[in-house]
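Residues take their numbers from the sequence shown, with the count starting at 1. Note that these values count all heavy atoms, side chains included, but never hydrogens, waters or copies made by symmetry.
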Amino acid sequence: QVQVVESGGGLVQAGGSLRLVCTASGRTFSNYALAWFRQTPGKEREFVAAISRGGDRAESADSVKGRFTISRDNAKNTMYLQMNSLKPEDTAVYYCAAKRLLDNPASANGYDYWGQGTQVTVSS
């Protein structure tokens, strides 16, 4: 069992930056690939970015490429999402998710563990 908790959300103006943090407890953090998803009311959960267990491989959605960076620090059991040049369309609840292998990372169905989410609101 892995428990993941997100933090770092908030209200920011368009063009601003936020850093989301996902902290984990339970089983060995480095045994899990991690990802960020986001969701707005009435829409399906959307893939944002994912990172492999060792941090050597990362993937991100086209909509955030060049603006968002995913990283992890296994010594601290922590994953980050640095979000720059934020746009109003980035407004959503952001979720941290974990699974054993980074296969088909964009599919939400493959993740075993989810956090409760953190709200990000970007004003225009």
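- Side chain of Ser60 to backbone of Val64: no donor-acceptor contact under 3.5 angstrom is found.
- The CZ atom of Arg45 sits 10.5 Å away from the CG atom of Asn109 when rounded to the nearest 0.5 Å.
- The closest side-chain heavy-atom distance from Arg67 to Asp90 is below 4.5 Å.
- Between Val21 and Glu6 there is no side-chain heavy-atom pair separated by less than 4.5 Å.
- With rounding to the nearest 0.5 Å, the separation of NZ in Lys99 from OH in Tyr111 is 4.5 Å.
- A donor-acceptor pair is defined here as one N or O able to donate and one able to accept, closer than 3.5 Å; such a pair exists between the side chain of Asn74 and the backbone of Arg53.
- Contact check for Val4 versus Cys22: side-chain heavy atoms found under the 4.5 Å cut-off.
- Residues Val93 and Gly117 share a closest heavy-atom pair of CG1-CA, 3.8 Å.
- Trp114 is not connected to Met79 by any chain of hydrophobic side-chain contacts under 4.5 Å among Ile, Leu, Val, Met, Phe, Trp and Tyr, and they are in different clusters.
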Run the side-chain contact (heavy atoms from CB on, under 4.5 Å) check on Val120 and Thr91 step by step: do they pass? CA-CA 5 Å; Val120 171; Thr91 295; 5.8 Å; no
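- Contact detail for Thr40 and Ala92: the closest heavy-atom pair is CG2-CB, 3.7 Å.
- Between the CG atom of Leu20 and the CZ atom of Arg38 there is a distance of 11.0 Å, given to the nearest 0.5 Å.
- Of the inter-residue distances, the one linking Thr121 atom OG1 with Gln13 atom CD reads 13.0 Å to the nearest 0.5 angstrom.
- Between Leu102 and Ala50 the shortest heavy-atom distance is CD1-CB, 3.6 Å.
- Between Ser17 and Gln82, the shortest heavy-atom contact is CB-NE2, 4.0 Å.
- No more than 12 heavy-atom neighbours from other residues, nucleotides or ligands sit within 6.0 angstrom of NZ on Lys76.
- In this model, no donor atom of one side chain and acceptor atom of the other lie less than 3.5 Å apart for Thr78 and Asp73.
- A cation-pi arrangement, defined by a distance under 6.0 Å to the six-membered ring centre and an angle within 45 degrees of its axis, is present between Arg100 and Tyr32.
- Here the CE atom belonging to Met83 is positioned 12.0 Å from the CD1 atom belonging to Ile70, to the nearest 0.5 angstrom.
- Looking at Asp62 and Lys65, a side-chain N of the basic residue comes within less than 4.0 Å of a carboxylate O on the acidic one, giving a salt bridge.
- Rounded to the nearest 0.5 Å, atoms OG1 (Thr28) and CG (Asn77) are 8.5 Å apart.
- For the pair Ser63 and Glu46, the minimum side-chain heavy-atom distance is below 4.5 Å.
- Clustering ILVMFWY residues whenever any of their side-chain heavy atoms sit less than 4.5 angstrom apart, transitively, puts Leu18 in a cluster other than the one holding Tyr95.
- Put simply, the side chain of Tyr80 does not reach to within 4.5 Å of the side chain of Thr69, judged on heavy atoms.
- Using cut-offs of 30° and 60° on the angle between ring planes, the pair Tyr94 and Phe68 is tilted.
- For the pair Arg57/Ile51, no side-chain contact is recorded, criterion being any heavy-atom separation below 4.5 Å from C-beta on.
- Shown here are the ring pair (Phe, Tyr, Trp, His ring centres under 6.0 Å) partners of Phe47, two or more places apart in sequence or in another chain: Phe37.
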